[in-house]
Amino acid sequence: MAACMRFTRRVWNSFITNKGHDAQCFPQLVIKSAVPGAVEVSLKVEQYNIHGGLILSLTDTLGSLAVATKGHYMTGVSTDIGTSFVRPAGRVGDTLHAKAVLTGMGKQLAYTRVDFTNPEGELVAYGYHTKYVGRSSSHPENVKFSEDGETVIEGVDHDVD
């Protein structure tokens, strides 16, 4: 497994271990792929999360994971977030797919976009997320990946396979 994927899953596991909002709302989130600047996930829609708040919460979390794909262990704090709903996300039992992309990242702010699709591949919603990353950019757990995300070229590569 590529270093970027291992690292992103490690950050996700820290979210779950923290037992906060993510652990309560979508503990069954599956990270399908992670490369520097993008993460793809899937989530089975359950009765307790079939509402628009799921999309907004996922925009928040997946924006953070998109930042993690660039080697940030601490993913900063939200400064702006929003979603647009295009069509119903599906029914209980359906699998919702999402791709979060880091659209820009500077020394202080990171910008992400998340697209949500239903099992048929139709866009059901999209979101944007701006994060303040100024203080998190020097965290000791941060790493730097090779351009393709296959290896860690700076920092410690914790093997969590």
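None of these values were measured; they are calculated from a predicted model.
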Pair F15, L29 - check side-chain contact (heavy atoms from CB on, under 4.5 Å), show working.
CA-CA 11 Å; F15 291 0; L29 182 84; over 6 Å; no
Just by distance, do the side chain of D94 and the backbone of A89 share a donor-acceptor pair under 3.5 Å?
no
Backbone N or O of G76 within a donor-acceptor pair of the R135 side chain at under 3.5 Å?
no
Side chains of I81 and L56: does their closest heavy-atom pair fall under 4.5 Å?
yes
Among all residues two or more places apart in sequence or in another chain, which pass the salt bridge (charged side-chain N to carboxylate O under 4.0 Å, His left out) test with E46?
none
Tell me whether S42 contacts the main-chain N or O of T95 through its side chain, where contact means a donor paired with an acceptor under 3.5 Å.
no
Between the main-chain N or O of S14 and the side-chain N or O of N18, is there a donor-acceptor pair closer than 3.5 Å?
no
Provide the closest heavy-atom pair for N118 versus E122 in the form atom of the first, atom of the second, distance.
ND2-OE1, 2.7 Å
Kindly give the heavy-atom pair with the smallest separation between M105 and A110, and that separation in Å.
CG-CB, 4.0 Å
Contacts of type side-chain contact (heavy atoms from CB on, under 4.5 Å), residue S57, not counting sequence neighbours:
H21, F26
Name all residues meeting the salt bridge (charged side-chain N to carboxylate O under 4.0 Å, His left out) criterion together with D115; count only those two or more places apart in sequence or in a different chain, and write none if there are none.
R113
Spacing of H129 atom NE2 and T75 atom OG1 [to the nearest 0.5 Å]:
8.0 Å
Is the backbone N or O of Y126 less than 3.5 Å from a side-chain atom of S84, with the two atoms forming a donor-acceptor pair by type?
no
Would you indicate whether the side-chain heavy atoms of L58 and V114 approach each other to under 4.5 Å?
no
Residues that Y111 engages under side-chain contact (heavy atoms from CB on, under 4.5 Å), provided they are two or more places apart:
T103, L109, T130
List the residues meeting side-chain contact (heavy atoms from CB on, under 4.5 Å) with M74, not counting sequence neighbours, and say none if there are none.
S136, H139
Do T61 and V41 come within less than 4.5 Å of each other through their side chains, counting heavy atoms only?
no
Is the closest side-chain heavy-atom distance between V11 and Y73 below 4.5 Å?
yes
For P36 and E147, which heavy atoms make the closest approach, and how far apart are they?
CG-O, 3.8 Å
Begin from the C-alpha positions of K131 and S64 and carry the test side-chain hydrogen bond (donor to acceptor under 3.5 Å, both in side chains) through to its verdict.
CA-CA 8 Å; K131 301 205 64 161; S64 296; 2.6 Å; yes
Examine distances only and state if a side-chain atom of R6 and a backbone atom of D157 form a donor-acceptor pair shorter than 3.5 Å.
no
Using side-chain contact (heavy atoms from CB on, under 4.5 Å) as the criterion, list what pairs up with V143, not counting sequence neighbours.
F7, F145, V152
Just wondering, do V86 and V124 contact through their side chains at under 4.5 Å, heavy atoms?
no
